[in-house]
Amino acid sequence: MATALCFSCSSKPSTVTDKDFLPGRRKAGKIIENLDVRINVRSPISTGDSPNMTRGMKWSLEQRRRLLSFVDSGCFENALHVFEEMTRPSTFIWNVLIRGLTDNGFYQEAIDLYYRMEWEGVGSDKYTFPFVIKACVGLFSLVDGQRIHSRVIKMGFDKDLYVCNSLVIMYSKLGCIEQSEKIFADMLVKDAVSWNSMISGYVASGDCLSSLTCFRDMQAARISCDRFSVISILGACSLYGCLLKGKEVHCQVIRRQLDSDPMIETSLIDMYGKCGLVQYSDRLFKRVAQRSVAVWNAIIGAYGLNDEPVRSFSCFERMLESDNLDPNAVTLINLLPSCARMRALVQGKSMHGFAIRKGMFPHVVLETALLDMYGKCGCLNLADSMFVQMKETNLISWNARIAAYVQSGNEKGALHVFQDMCSEHLHPDEITFVNILPAYAEIALPKEGQQIHANIIKLGFGSSIFICNALIYMHAKCGDIQAAQLVFNCIVYKDVISWNTIILAYGIHGFGEISVRLFSDMMAEGIKPNGSTFVSLLASCRICGMVDEGQNYFSSMKTEYNIDPGIEHYGCMVDLLGRSGNIDLAKHFIDEMPLVPTARIWGSLLSASRYHRNIELAELVADRILSLEHDNTGCYVLLSNMYAELRRWADVERIRCSMQRQGLRRTTACSLIEYNGKALQITNNDCSHAEASMIYDALDIISRKIGDDLHVCGVLKFKPPDLIRRRAHSTMYHSARLAICAGLLSTPVGTPVLVRKNVRICEDCHNAAKIISEMTDREIVVGDPKFYHRFSNGKCTCKDYW
DNA sequence: ATAGGGTTAG
C-alpha cells in the first residue's frame, strides 16, 4: 500500500506551462530523476506535542510560514520535512502542498498526497479538488480523474463553480468532450471561465462548429467574451478557415480594445495566415510592438502556408538578426515546409543540425516535419532513417513516411510501409488513403484498385472529396475508366480538382472528345478553371492528336481565362506540335517561349524527332538534355534506339558504354496482367512463371499465324554481330506480348485484355497488339506510364503516335 | 490559497 513520494529540491522552472508536460511529460520526468529524498506518503504524522501551548502555537505558525515559503520556492524536499513535523496539518496546508506539487509538474505525487489525505481522514474542501483534478489532467489519467470526480459528487462539491470548471477542462483535455458537455449543461451557474473552457474544449477536439455555436450562446447568455474566449475562437476560425467569422472576432477585439494583447495579436496573425490572407497577417505583424518567438513563428508559418517560402525564410533571418531571439521547435516546424517547397535540402539539413545542437529531440512533431521535408526533397533514405530513429511515432509520422516513399517513386515500398502501419494496429485515416492511392495509381491493376476502394468505403471515408478525387485518378490510371466515372458521378459537390481529374482520366484513355465535352460541362456548371485544368485539357488533346483544339485552348488560357501558361502547358504544346509533324514549328515554339526550357520540354522534342526519324535534330536535342540532366536514362535509351533503327551499331555501343560509365541502367521493362485472379508480373523473355510454357506456346501459335507481319519489323532490329550475345536481341518475347497472351488465356471471350507497363510500349509490340486485336477480335488495352493504348480491329486509339 | 490562453506535422 505504501507509495513513495520522491522529490528533489529544484527551483521552480521559469516559463514552464502545462503544455510543456504534454508530450510524454518529459520535464517532469527530468526533475524527478534527480532524487535526493524519498518520503513515504503513509508515514505517521509526528505527534510530539509541545508542553507549552503558547510556544506550540508560535511554533506551528512558524512551521506554516516555512512550509509556504518552501512550496513557493519549489523546495518540496524541505516543504515535506516541515509537513511531516507538523501536528495535524490543516486542510489548508494539505491544499497548499497539493497545489505546489501540481504547479511544478509532480502530478502523481499530488494525486498520491490527495489519496493520503483521504486515507488519514482529513476533510478536503472545495479548494482541494481544482488542484488535484488539474494533476489528473497533467498525468493524462482518466482513471484517477473519474475516481476523484466520484469523490466530488459524494462530498457534494459538484455544485461548486470552480470544481465544475475544473472537471469540464479535465474531461475535454482527456478526450471526453461529451462528459464536459454533460457537466457544463448541468451547471446552474456559469461564468466566463466555464464558457471559455467549453469553447477551447471543442476547438481541441476539432469540433469547430460547436465551438462557434458555444461562442454565440455565450454572448446570448450575456457573458461578455474576454481575451481567453477570443484566443480560442480564433483557433477555431483558423482550423475551419472561417475568414468571415475571424474578421468579425477581429472587430470585437478592436471594440474591446484587446488588440494590443500579445497573444491575441499572435492568434490574429495565425488566423489570417491560415485563412489565406497573409497580407493581413503581415500588416498586423508590422504593428506588433514587442515581438516574441511565438509572433515570429506565426508570421513564418503564415508565409509558409501561403506558398511564400522565400518570405518565410527572410522572416526567419530577420528574427535571428533583429531581436536576438532563440528559435524553438515550433519555429523549425513552421519553416521546414518552406525548405521542402524550395527543395532547399542544405537549409533543411542545417535545421536538423540546429535542432540536435539545441537538444530539441525527441520531439515527435519536429521529427515528423523533418521526415516530411526529407521526403519532399527526394531523400527517401534520410526520411526513412529519421523515422527509424524516432522514439515515438504516430499516425501522422506514418502518413508522412508513406508520402515520402510515394514521392520518390518507390510505390512498392509505400505499400509495404502501409502494411507495416496496419500491422502496428494503427488505423489509417483520410490522409493515409490520400497518400497511398497515388501508389496504387502507379502500380495496381483494376482489381487491386477496386479492393482498396472497397476498404475505403468500409472504413467510412468514401464521401471525402479528397479521397474521391484521388480515387478517380487511381481508377483511371489502373485502367478502369468506368470506375473513375462512377466515383465522379457520386461526388455531390465536385470541385475544380474533381473536374481536372476526370478530364485527364478520359485523356489518358484516348477519349479526347469526352475530355473536351467535360470541359464545357464544367464551364456550364460555373466552375472556374485553373492552370491544372488546362494541363488536363492540353494533355488530352496531345494524347488524342487534337492539334487544332489544343492550340485553341492554349491561346484561350490567357485571353479568356487570364491564366499564364506554365512550363507544363508549354510541354504539352511542344508534344502537340511535334505530333502534328511540324518539328521546326515545335523547335521555334521552344525558342520563343518566355520560360527557360527544361529537360522535359526538350524531351518532348526528342520524342517528336524520333517519331519523324530526324536523327540530326535528335542528337542536338539530346545534347541539350544531357547538359541539363546527366542522368536522364530515357534520353540515352531513346537515342540508342534511334541509332539501332539506323543500324548505327557503333553509336549504340558508344551510348551503352557512356551509360555504363555513369552507372545508369535501363529500367527493366515489365508488364502486369491479372492472371486467374492474381496479379502477374512479366519481364522481357521471362520464363520464371509456372504458367510460362503455356504463355510461350500461345504466343508462338499467334506469332506463327501473323508471322510475316511481325517478323518484318521485329527480329532483325537488335541483331548486329557485335551485340549478338545480348539477350534482348529480339522483341519477340517482350513482356507486353507475353502479358497479352496471358490475358487472352485467362479471360473470357468478349472482355478486354488489360496490361500495365512500366515503360513505353515498343513499336514491334504495338504492331503485334494491333494485329492480335484483329485476329482474336478482342479489345486489348495496354497502359504505359503516360496513357492507355486501346487496340481493336487492328487499330490503336493513339493513331500510332506515342 | 481556488479554475481558463497563443505559435505545432500530413
Side-chain angles (χ1 to χ4, degrees), chain A residues 17-19 22-23 68 71-72 90-100 102-103 125-134 137 157 160-170 172-173 191-201 203-204 226-235 238 261-271 273-274 292-302 327-337 340 363-373 375-376 393-404 407 429-435 466:
Chain A
T17 63
D18 291 354
K19 267 202 154 175
L22 290 184
L68 284 175
V71 169
D72 276 347
S90 63
T91 300
F92 166 71
I93 293 293
W94 286 85
N95 289 350
V96 167
L97 251 181
I98 294 175
R99 174 184 61 92
T102 301
D103 285 350
D125 61 11
K126 60 175 181 175
Y127 294 113
T128 317
F129 289 105
F131 304 135
V132 69
I133 290 169
K134 193 175 170 186
V137 175
F157 289 120
D160 182 84
L161 177 64
Y162 285 77
V163 175
C164 285
N165 285 344
S166 305
L167 286 168
V168 167
I169 293 154
M170 178 190 81
S172 85
K173 291 215 168 156
D191 67 355
V193 177
S194 327
W195 286 97
N196 291 342
S197 307
M198 211 54 228
I199 292 168
S200 74
V203 179
D226 58 11
R227 57 192 294 265
F228 296 103
S229 354
V230 164
I231 288 164
S232 296
I233 210 68
L234 285 173
S238 306
D261 181 306
M263 284 188 189
I264 291 180
E265 283 176 321
T266 307
S267 298
L268 281 168
I269 290 167
D270 178 57
M271 183 274 291
K274 291 203 170 121
S292 63
V293 177
V295 93
W296 278 106
N297 290 349
I299 193 72
I300 289 170
N328 59 19
V330 178
T331 318
L332 302 189
I333 290 163
N334 282 354
L335 199 55
L336 282 165
H363 189 304
V364 64
V365 179
L366 180 55
E367 285 158 334
T368 305
L370 282 163
L371 193 168
D372 184 55
M373 179 276 295
K376 289 193 171 128
T393 57
N394 56 26
L395 184 59
I396 298 166
S397 38
W398 278 96
N399 285 347
R401 189 182 183 207
I402 291 173
Q407 181 87 25
D429 68 353
E430 201 180 319
I431 305 289
T432 317
F433 287 116
V434 168
N435 287 346
F466 301 110

* Asked: For A:Val96, which contact category applies under a 4.0 Å heavy-atom criterion: base, sugar-phosphate, or nothing?
  -> nothing
* Asked: Can you find a pair of side-chain heavy atoms, one from A:Pro262 and one from A:Val295, that are under 4.5 Å apart?
  -> no
* Using a 4.0 Å heavy-atom cut-off across all strands, classify A:Phe131 as base, sugar-phosphate, or nothing. => sugar-phosphate
* **B:dT2 base stacked by A:Tyr127 (centroids within less than 5.5 Å, tilt under 30°)** => no
* Asked: Is A:Asn95 touching bases, backbone alone, or none of the nucleic acid, heavy atoms closer than 4.0 Å?
  -> base
* Asked: Among B:dG4, B:dG6, B:dA9, which is the nearest nucleotide to the side chain of A:Ser292?
  -> B:dG6
* To do: Check every strand shown and say whether A:Ile169 touches a base, only sugar-phosphate, or nothing at a heavy-atom separation below 4.0 Å.
  => sugar-phosphate
* Asked: Reckon A:Asn394 touches a base, only the sugar-phosphate, or nothing at all at heavy-atom distances under 4.0 Å?
  -> base
* Asked: Of all the nucleotides listed (B:dG4, B:dA3, B:dA1), which has the minimum atom distance to the side chain of A:Asn165?
  -> B:dA3
* Contact class for A:Thr432 vs. all strands (heavy atom < 4.0 Å): base, sugar-phosphate, or nothing? -> nothing
* Listed by chain and number, what are the side-chain contact (heavy atoms from CB on, under 4.5 Å) partners of A:Asn334, not counting sequence neighbours? -> A:Asn297, A:Ile300, A:Val330
* Donor-acceptor pair present, A:Thr266 side chain and B:dG6 base, under 3.5 Å -> yes
* Asked: Any side-chain N or O of A:Lys173 under 4.0 Å from OP1/OP2 of B:dA3?
  -> no
* Any residue meeting ring pair (Phe, Tyr, Trp, His ring centres under 6.0 Å) with A:Phe157, in chain and number order, not counting sequence neighbours -> A:Phe129
* Asked: Is any side-chain heavy atom of A:Ile299 less than 4.5 Å from a side-chain heavy atom of A:Asp270?
  -> no
